[in-house]
Amino acid sequence: MAVKIKLKRLGKIRAPHYRIIIADSRTRRDGRAIEEIGLYHPVQNPSRIEVDADRVAYWLGVGAQPTEPVLAILKKTGDWQKFKGEPAPAPLLQPEPKPDHSGLFEAVSAKAGDEPKGEAITPKAKKADKKDESDSSESTEG
């Protein structure tokens, strides 16, 4: 029996998250799993990757083959290099949080002296008034 290490998709349509599972290669993507060995949440910033390194080492040792996406995850966590006997990769870098520009916006608007002037109201002409004007202009002309 060929055993694969693959991703099992969970979550909503535009918010997927995955479990890293051990399954028979003939089962469907979200089918029955032999064992769950990790999590992968790509939508979170930064992506959340949790892998049980001991179980990965065991399953790779007994001949389980990772799929391409799982292989990429294992290379990022360093489990693949550990299995192959290669040097570990550099640790994953956390992206810096984006600066908050709301203070800058408030400073610029205060410097310009822009005070809110209230609501922007445009008077609407009533259709009945337009009809009356057009009727009166026609009657005076003719």
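Each residue takes its place number in the sequence, starting with 1. Nothing here was measured: the structure is a model prediction, and the numbers come from that model.
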Are [X] and [Y] in one and the same hydrophobic cluster, where Ile, Leu, Val, Met, Phe, Trp and Tyr link if side-chain heavy atoms are under 4.5 Å apart?
X	Y	value
I5	L7	yes
Y18	I21	no
I73	F83	yes
L39	V43	no

**R55 and its side-chain contact (heavy atoms from CB on, under 4.5 Å) partner, picked from I22, D79, I37** = I37
If every non-hydrogen atom of [X] is compared with every non-hydrogen atom of [Y], which pair is closest and at what distance?
X	Y	result
R9	D30	N-OD1, 3.0 Å
A23	K6	CB-CE, 3.6 Å
S47	P42	OG-O, 3.5 Å
A2	D24	O-OD1, 3.0 Å

**Request:** Mind checking the OH-CD spacing from Y40 to E50? Nearest 0.5 Å is all I need.
**Result:** 13.5 Å
**Message:** Rounded at 0.5 Å granularity, tell me how far CZ in R29 sits from NZ in K8.
**Reply:** 11.0 Å
**Fill in**
Sequence neighbours excluded, the answer for side chain to side chain contact (heavy atoms under 4.5 Å, CB included) partners of H17 is L10, H41
Using a 3.5 Å cut-off and no angle test, enumerate the donor-acceptor pairs between side-chain atoms of residues 57-66 and protein atoms at least two apart in sequence or in another chain.
{"from": "W59", "atom 1": "NE1", "to": "E35", "atom 2": "OE1", "distance (Å)": "2.8"}

**Flag side-chain contact, heavy atom, 4.5 Å: L74 against V51** = yes
